[in-house]
Amino acid sequence: MQQRRFRLAVLLIATLLLAALCFGTSLLIDRLHRTTEQAARETVQRVTRVAESTVNRHFLAVDGMLAGLPALLNQVASNGRIEPAAANRMLRELNFQNFSFRDLVLVLPDGRPWAAALAASRSRPPPIEPAALAGAAGLGAAVISGPARNPLTGEWSLMFLRAMELPGIGPVVGMAEVPVSLVATLLAPIGEVPGLRISVERADGRVLASLPHDETRMGRPLARTATTLPADGSAALIPGRFQDRPVLAAAKSILYRDMYVVASYDEGAAFAGWTQDRRRLIIVAASLGLLLVALAAALYHALRQRERVDAERARARAVLEGAIETMPDGFVMFDADDRLVICNQRYRELYAVSAPFITVGAKFEDIIREGARRGQYPQAGEDIERFVAETIAWHRGNHPSIERLLPDGRWLMVSARQTPDGGTVGIRTDITTLKRAMSDLALARDQSAAATAAKSRFLAQMSHELRTPLNGVLGLAQALARDPALSGEQRARARTLEDAGRHLVTVANDVLDLAKVEAGRLELRLAPTRLGELLDSAATLVRPAAEEKQLTLRVQVAAELPPLVQADPTRLRQLLLNLLSNAVKFTPAGGTVELVARLAGSPGAKGHQPVRIEVRDTGPGVPEAKRKVVFGDFVQLDRGERAGGTGLGLAIAAGIAAQMEGSIGCIDNLASPSGHGAIFWVELPLLPLAAAEAQPAEAVQPVAEQRPLRVLVADDVPANLAVARALLESCGHVVECVSDGSLALDALAKAAPARPYDVVLMDVMMPGMDGLEATRRIRQLPAPAGQVPILAVTASAFAEDIAACHAAGMNAHLAKPIERDALMASLERLTAVEATARPAVPPAPVLAEAKPELPLLARRGTDGKLAIPGLDDAAASRLAPVFLQEIAEQARVLRAAGPEMVSEAIAAAHRLTGSAATLGASRLAAVSRQFQADARRLPPAEAMALRASVLAVADETLAALEAALGPEPSAALA
């Protein structure tokens, strides 16, 4: 309460001081204003009196000269008459001797000059007001005319006129021209005060002269005349006469009739000093007031702060004590003498055995010792004093936290830190749950490691289990497709089976590659790689598919790219093929696919050069929202028509790019002529190599016809043996089959030296003796059996599987399912020693084919018979009328569709595309496919306008098909 009264007293004193400061400042400003106003009035009155005296003196001097002029002129009279020439000389001498006027002129009553001091004034009448001239002649006293401009100099002047009588001439008027600037010069020493103006005026307010000079007011009447001012010459505050600002003005009449001298002092200029002093006083007073307010506020705030600090201190103590008590951990504090200052209830609960000794003021050493004696610390052991000494040393040394076991089996994390005053603060945390979680985590880690090992085994087993049956399917399909004993329809079905098998192999490879990426087992085999050749080879592999769709495939390799880099050529080619295959798959017929490679920046710290490879297409593009998810597993965009595939190609490409420490992405192809398209890009840091680091390329020998070989095949699956036998015997080789490794070992050991085996095809995973063990034992046989080339033919295709085959002594590895061409190439390499002895057969020259216009129908042979791809003549004869009927029906549906039936027209075009492609009507298939693509993106009216081209080609195709079938379709196709 006392502090509150003190605060109110501070506020009251500060208010009184501020009021006194404001009142004193106001009085001082008012006093200064009155003093300034009085000084200004005195200045105006003094200037008016002095100006009136100066003007009277000057005007009287001019008037006196005019009054004595007749007496002077009488001196030059001759024979009672004054000649003009003599008068001109006298006037000129008077003008030279007197500076009070500019010119002297004697004017006749009609206004013509009779004599003048200046020659120029003798030939023209002076600018005299007629009324003033008449007044001077009749009044007999000096009259002032003007102001008027001198016609020669353009200067403002006052004309002093006085009538006189000259001998022999008669009455004339003497005129003295007084320049206004001369009057202003006389007044200048009087009015050198800023804002002060002196003027000579007539009673009607017309200005005769002004200082400072005001050209716009000369000879013009003012709104407020001098007669409105006090007649005694005292100053008065009136509205401005020359300007709109108020002025202090005083007026005095001079000796000449109806003429006044007026002095006016601009109020702003008169009070300028007072305004500046007032501003300074206000600033000083405001500063003092602010200082006073600041001091009062500071004192008031200090008093309030003291109250808050006291209250806060009390609250903080209560909060701290409450917080310590509510802590889930035990809290304890010891002073510099290691005596207990404070601890919470949780601390006493944790150390329940020592609780009777945990009191304020107890020493840390005594608490530890008594607790150890009573069994509080199971880890103390028998030597209690040693335990106490070690605990005290840890307690005072700011050591890391330690773990303590309690008698009830719980674990504590014990932490202690010294305070700046030498005391110690400790925390005791129950970590029993954490200890159990760590134990569970260790168990989970071991289980995860076991699961990872199981996953690796599963991948290996899955690779084998997938490839083994695929080997039989694809191998037999290849053998059937090349069997000359089959009919054309049967071979077409075998090729269809072979294509399906290859597609299944591709799916299996994608799944296994993705599994490698996810398992972190996608290994890179770095080797010197010719980047340009690798890009060209990747484009070459997809070029047939591009040509089939009539796509333009271009490769652009920047000249600055390093020719030789360190990379994994296999994985890099796989990445490029995934991107190129995707572009070819989704680009419509007639589009463009480009493979572009260039540098993407300066070399990195380790010398790696960033290389950007882009695959640009003119397809439908990728929506911005899908550009990230498209690189996920099993992701395929909805394109209206299913393009096939597993949706794993881009995921595998992204995994390869990440393994090579690169990045991958997708953007719009803004340069596409159609306005659509995508650019799939990948940036890889590749290490450039010198040309000397490149390994010498193997000389490519022309492929000659392979000699018949004696081949031993070891496999536990009868279908695989049948496939191998069919593929090898179709190439003229002699084949013997065994079902496991031990039989293969016996067959090689018993082979006659005269008829040794040329090569062994060895499966790896077989019951009994597997392929690896059989190979190791074969290598222990004497020559030539121990040196026979062994080709591992297995579904196990991981890097470690291939390495195991080589380590066992096998010469090469071929993954199942077996590709006929790959098998023949492997046999050629393994038996190349004998092949090099035979002369090479040069390959036949390949002529570049021009790309003709797409045919209406497929023809066979030189006679131009109708052919349906994949079918023999008999099957074509049976199915051709069905195609004719289907194409005619779909053309009718397309022709009948209205503008609102775009979806029906697209469906008809889709069926036309399928029928035409199967029939071999390439031109109809192309235009139908293009119509489908355009109709989906154009407005209905524009889309339906495009069907005319499809119907025209359909009519031509139908006419050509009917002509080929003739009246008897069977005869026409025979």
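Everything quoted here is computed from the prediction, not taken from an experiment.
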**Asked** Has Q885 got more than 12 heavy atoms of other residues, nucleotides or ligands less than 6.0 Å from its CD?
**Response**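 Atom CD in Q885 is not crowded, with 12 or fewer foreign heavy atoms closer than 6.0 Å.
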**Message:** Surrounding CD of E889 (heavy atoms of other residues, nucleotides or ligands, distance under 6.0 Å), is the total greater than 12?
**Reply:**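 Enclosed.
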State, to 0.1 Å, how close [X] and [Y] come at their nearest heavy-atom pair, and which atoms those are.
X    : Y    : value
Q550 : A926 : NE2-CB, 4.5 Å
A539 : L553 : O-CD2, 3.4 Å
V615 : A583 : CG1-CB, 3.7 Å
A909 : F931 : CB-CD2, 3.5 Å
G590 : L551 : N-CD2, 3.9 Å
G619 : H676 : O-CB, 3.2 Å

Heavy-atom distance under 4.5 Å between the side chains of [X] and [Y], does that happen here?
X    : Y    : value
L595 : I613 : yes
F680 : I664 : no
L946 : L938 : yes
L580 : V593 : yes
V596 : V555 : no
S663 : E683 : yes
R554 : T552 : yes
R725 : C737 : yes

Between [X] and [Y] (side chain of the first, backbone of the second, donor and acceptor by atom type, cut-off under 3.5 Å), is there such a pair?
X    : Y    : result
R947 : L894 : yes
H733 : L709 : yes
K549 : T587 : yes
N669 : D617 : yes

**Prompt:** Does the side chain of D934 pick up a donor-acceptor pair with the side chain of Q930 at under 3.5 Å?
**Reply:**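 Per modelled atom types, D934 and Q930 side chains form a pair under 3.5 Å.
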**Request:** Report the residues that fulfil side-chain hydrogen bond (donor to acceptor under 3.5 Å, both in side chains) with S672, sequence neighbours left out, ordered by chain and then residue number.
**Result:**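 With neighbours one apart ignored, the set is S674.
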**Prompt:** Quick one: side-chain hydrogen bond (donor to acceptor under 3.5 Å, both in side chains) partners of R543, sequence neighbours excluded?
**Reply:**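 Result, side-chain hydrogen bond (donor to acceptor under 3.5 Å, both in side chains) vs R543: none returned.
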Out of curiosity, [X] [atom1] to [Y] [atom2], how far, rounded to the nearest 0.5 Å?
X    : Y    : atom1 : atom2 : result
L761 : L823 : CG    : CG    : 6.0 Å
L535 : S537 : CG    : OG    : 7.5 Å
I656 : L575 : CD1   : CG    : 5.0 Å
R923 : S928 : CZ    : OG    : 12.5 Å
L857 : E956 : CG    : CD    : 11.0 Å
E594 : T618 : CD    : OG1   : 9.0 Å

**Request:** Applying side-chain contact (heavy atoms from CB on, under 4.5 Å), run through L670 and I679 and close with a yes or a no.
**Result:** CA-CA 9 Å; L670 301 179; I679 298 178; over 6 Å; no
**Prompt:** So among L576, N578, L572, L577, which one has a side chain to side chain contact (heavy atoms under 4.5 Å, CB included) with Q574?
**Reply:**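 Going through L576, N578, L572, L577 one by one, the side chain to side chain contact (heavy atoms under 4.5 Å, CB included) with Q574 is satisfied by N578 alone.
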**side-chain contact (heavy atoms from CB on, under 4.5 Å) between N582 and L650, intermediate numbers included** = CA-CA 8 Å; N582 235 35; L650 293 180; 3.6 Å; yes
**Item:** Ion pair check, D955 and R895, cut-off under 4.0 Å
**Value:**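 A salt bridge links D955 with R895.
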**Item:** By side chain to side chain contact (heavy atoms under 4.5 Å, CB included) - contacts of S949 (at least two apart)
**Value:**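 By the side chain to side chain contact (heavy atoms under 4.5 Å, CB included) rule, S949 matches no residue at all.
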**Message:** One pair to check against side-chain contact (heavy atoms from CB on, under 4.5 Å): R612 and L599. What are the steps and the verdict?
**Reply:** CA-CA 6 Å; R612 183 179 179 95; L599 295 181; over 6 Å; no
